[in-house]
Amino acid sequence: MKGFDEVSDNQGAEATVSNPVIPGFHPDPSVCRVGEDYYAVCSSFEYFPGIPVFHSRDLVHWTQIGNALDRPNQLRLPPDAPSSGGIYAPTLRHHDGRFWLIVTNVSSDGNMLFTATDPAGPWSDPVRLPGVPGIDPDLSWDEDGTAWCTVAGVSQVRLDPSTGRTLGEPHKVWSGAPDAMAPEAPHLYRIGAYWYLLIASGGTERGHAVSIARGPSPSGPFEPCPHNPVLTHRGTNRPVQNTGHADLVQAPDGSWWMMLLAVRPGGGTPGWHVLGRETFLVPVEWVDDWPVVGEVPLELPTPSWPLVPGPAEPARDDFDLGELRPQWISPRDRSPEHCTTKERSGWLTLRARGGSLDAPDVVFVGRRQQHLACEARTRIDAVQGRGGLAVRLDEEHHYEIEVFEGEVRVHARVGPLRTVLASRPVPAGPVVLGVRVSPTPPQGPRTGPDTLTFGIEEPDGTFAELGSLDGRYLSTEVAGGFTGRVIGMYASAGTVHFDWYDYTPLRP
């Protein structure tokens with residue numbers, strides 16, 4: 001694959017640090033600080049395991065340490081759960097020596113609460129919250145230990161978090177400007193002399209925004225900030241868009257920062273974002289007891305506190321561990337019967353269930369695409385079945401390169417249409433499949449954001465391209481929904497083995 005260089009993880013001290021701080025499909029961030037450590041969680045929608053958990057010492061470098069919902073009894077996603085259903089908007093807090101995680105499963109169990117002493121897990125079985133309505137639940141404690149749950153809408157109810165029992169009826173609180181679209185993502189804080197209610201509104205698309213109000217108690221009455229929204233990129237041509245769904249946190253030096261979701265659209269008009277909504281960081285100043293937030297940039301000035309990079313993520317997974325690493329996710333479930341690293345040593349074995357990536361129960365194991373330019377490869381043995389390497393957005397929007405009966409084919413599914421783009425014979429035995437994602441040079445308003453090129457590796461190590469596809473059709477602007485691209489391996493018939501998988505960020 002020519003024309004690209006691998007991105008080095010060791011580039012020395014820089015005057016800036018990259019934003020987003022958690023790239024790729026990691027929306028709806030919630031963050032909490034415990035001493036010198038920071039922890040963050042994000043929405044996971046229809047994927048299992050659910051709710052990735054991250055750790056940082058500097059707010060800039062984040063390492064995934066697990067998934068909060070990694071057992072079927074914690075995360076029930078029925079076979080008919082739609083894409084972009086499932087897990088919405090968790091809130092992570094630390095109180096009384098424990099971590100508390102409150103979240104909505106829109107596809108089965110509604111609002112639930114989980115606890116842990118170690119955020120890497122294990123997390124408890126769910127505490128059901130039948131008296132908590134809506135989505136996007138937040139959890140906060142006042143000075144006398146009363147827990148308050150605030151949800152999108154915006155409404156609020158007192159809660160016994162140990163039992164899930166609500167105390168009284170939910171009541172409406174401040175929900176932003178009159179007639180504001182989709183008041184959601186509430187977070188309640190005690191900062192200084194005031195209680196602050198932070199919300200998002202405007203929808204999670206180009207009109208997304210963050211607003212805030214303050215009051216004397218957790219239930220208000222709330223006075224809106226005279227400068228609302230305190231953050232929005234709507235109506236601008238900035239490279240970062242859809243800014244919203246924020247959470248506040250203090251940095252090691254005592255300064256305040258905001259973690260939020262946003263997107264990086266590419267191409268022409270209307271602009272297509274393909275990685276999903278990502279987690280960004282932006283500094284906050286306090287003026288007259290109101291937060292002042294500037295533009296969300298792609299590069300942040302290097303913070304004044306020491307940076308503490310986490311362990312480097314290996315480019316290749318050889319599947320030599322007893323369990324899959326926490327970055328691997330699957331639609332709706334992942335049973336050992338259909339996915340295991342124990343059958344063939346050093347290989348991932350997938351046994352087909354659904355007949356193709358069009359099926360909700362397809363056996364697929366993937367990792368989020370986290371870079372605008374990247375390359376993914378895998379070595380596959382499909383002698384006993386049919387399978388390959390895919391880039392998935394949902395059941396109706398995916399591209400894949402597949403091996404079956406001595407032939408490799410490139411497929412594209414876009415809405416109701418499915419086509420075979422290219423094919424060629426391959427010898428029996430394992431073969432290396434690859435996909436390269438490269439930004440497309442601007443060529444007018446109808447230019448897509450990137451190009452996906454699929455091919456196989458020849459015996460001499462060169463890459464033989466079989467076909468290229470416009471990336472706009474694997475974007476939220478085309479497919480709808482709330483997720484981003486996931487690149488991974490699948491089986492659509494029989495049993496398929498994968499020797500390794502590697503993912504490499506590239507620089508044009």
Side-chain angles (χ1 to χ4, degrees), residues 24-25 44-48 77 79-86 272-276 328-334 338-339 350 352-370 374-378 380 382 385-404 408-423 433-438 448-456 466-493 496 498 501 503:
F25 159 39
S44 50
F45 297 95
E46 76 266 29
Y47 287 98
F48 182 95
L77 294 170
D80 60 352
S83 291
S84 290
W272 296 271
H273 73 277
V274 299
L275 303 188
W328 292 106
I329 54 177
S330 299
R332 298 172 186 85
D333 68 0
R334 190 168 70 212
H338 296 101
C339 173
L350 301 182
R353 185 174 52 187
S356 76
L357 284 158
D358 301 346
D361 62 344
V362 66
V363 176
F364 170 88
V365 179
R367 295 177 61 166
R368 296 161 173 89
Q369 181 184 331
Q370 292 188 269
C374 62
E375 172 185 311
R377 300 184 306 151
T378 187
I380 176 176
R386 180 175 70 237
L389 178 68
V391 183
R392 178 188 190 271
L393 198 64
D394 59 30
E395 285 78 22
E396 296 182 353
H397 301 85
H398 50 82
Y399 301 156
E400 61 264 19
I401 182 168
E402 184 175 88
V403 182
F404 181 56
V408 62
R409 291 185 172 188
V410 178
H411 297 267
R413 169 73 193 271
V414 179
L417 305 177
R418 182 177 176 89
T419 187
V420 176
L421 181 69
S423 65
L433 308 177
V435 58
R436 181 184 66 221
V437 181
S438 52
D450 58 5
T451 300
L452 283 69
T453 302
F454 291 84
I456 64 172
L466 295 185
S468 294
L469 291 156
D470 189 328
R472 81 181 74 190
Y473 303 109
L474 302 188
S475 72
T476 300
E477 282 76 12
V478 169
F482 304 120
T483 62
R485 290 180 185 165
V486 178
I487 306 177
M489 301 149 290
Y490 70 96
S492 52
V496 184
F498 298 86
Y501 172 99
Y503 173 92

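Remark: side-chain polar atoms of Arg332 are paired, donor with acceptor, to backbone N or O of Pro360 under 3.5 angstrom.
At a cut-off of 3.5 Å, with distance as the only test, no side-chain donor of Thr451 or Ser468 sits close to an acceptor on the other residue. Looking only at atom types and distance, the side chain of Glu402 has a donor-acceptor partner in the side chain of Tyr490 under 3.5 Å away.
Rounding to the nearest 0.5 angstrom, the gap separating the CD1 atom in Ile487 from the CD atom in Glu400 is 13.0 Å. Note that CG of Leu421 and OG1 of Thr419 are 7.0 Å apart. Values are rounded to the nearest 0.5 Å. Between Asp470 atom CG and Tyr399 atom OH the span is 6.0 Å, to the nearest 0.5 Å. With rounding to the nearest 0.5 Å, the separation of CZ in Arg368 from CH2 in Trp328 is 12.0 Å. Put simply, OG1 on Thr378 and CE on Met489 are 5.5 Å apart, with the number rounded to the nearest 0.5 Å.
Scored by the ring pair (Phe, Tyr, Trp, His ring centres under 6.0 Å) test, Phe404 finds no partners at all (sequence neighbours excluded). Listed by chain and residue number, Arg413, Arg418 satisfy the salt bridge (Lys or Arg N to Asp or Glu O under 4.0 Å) test with Asp358 (two or more places apart in sequence, or in another chain). Arg334 is linked by a salt bridge (Lys or Arg N to Asp or Glu O under 4.0 Å) to nothing, counting only residues two or more places apart in sequence or in another chain. Residues that satisfy the side chain to side chain contact (heavy atoms under 4.5 Å, CB included) test with Ala491, not counting sequence neighbours, are Leu350, Ala352, Val496. Residues that satisfy the side chain to side chain contact (heavy atoms under 4.5 Å, CB included) test with Glu477, not counting sequence neighbours, are Arg206, Trp272, His273, Ser475.
Of all heavy-atom pairs between Glu46 and Pro82, the closest is CB-O, 4.0 Å. Ala359 and Gly354 make their closest contact through CB-CA, 4.0 Å (heavy atoms, listed as atom of the first residue, atom of the second, distance). Scanning all heavy atoms of the two residues, the minimum distance from Gly455 to Ile401 falls at O-CD1, 3.4 Å. When all heavy atoms of Leu393 and Leu474 are compared, the closest pair comes out as CD2-C, 3.7 Å.
Side-chain contact between Val435 and Thr453: absent, with no pair of heavy atoms (C-beta onward) separated by less than 4.5 Å. Residues Tyr47 and Pro331 are in side-chain contact: their nearest non-hydrogen atoms beyond the backbone lie under 4.5 Å apart.
Counting only residues at least two apart or on different chains, the salt bridge (Lys or Arg N to Asp or Glu O under 4.0 Å) pairs with a member in residues 478-490 are Asp450-Arg485.
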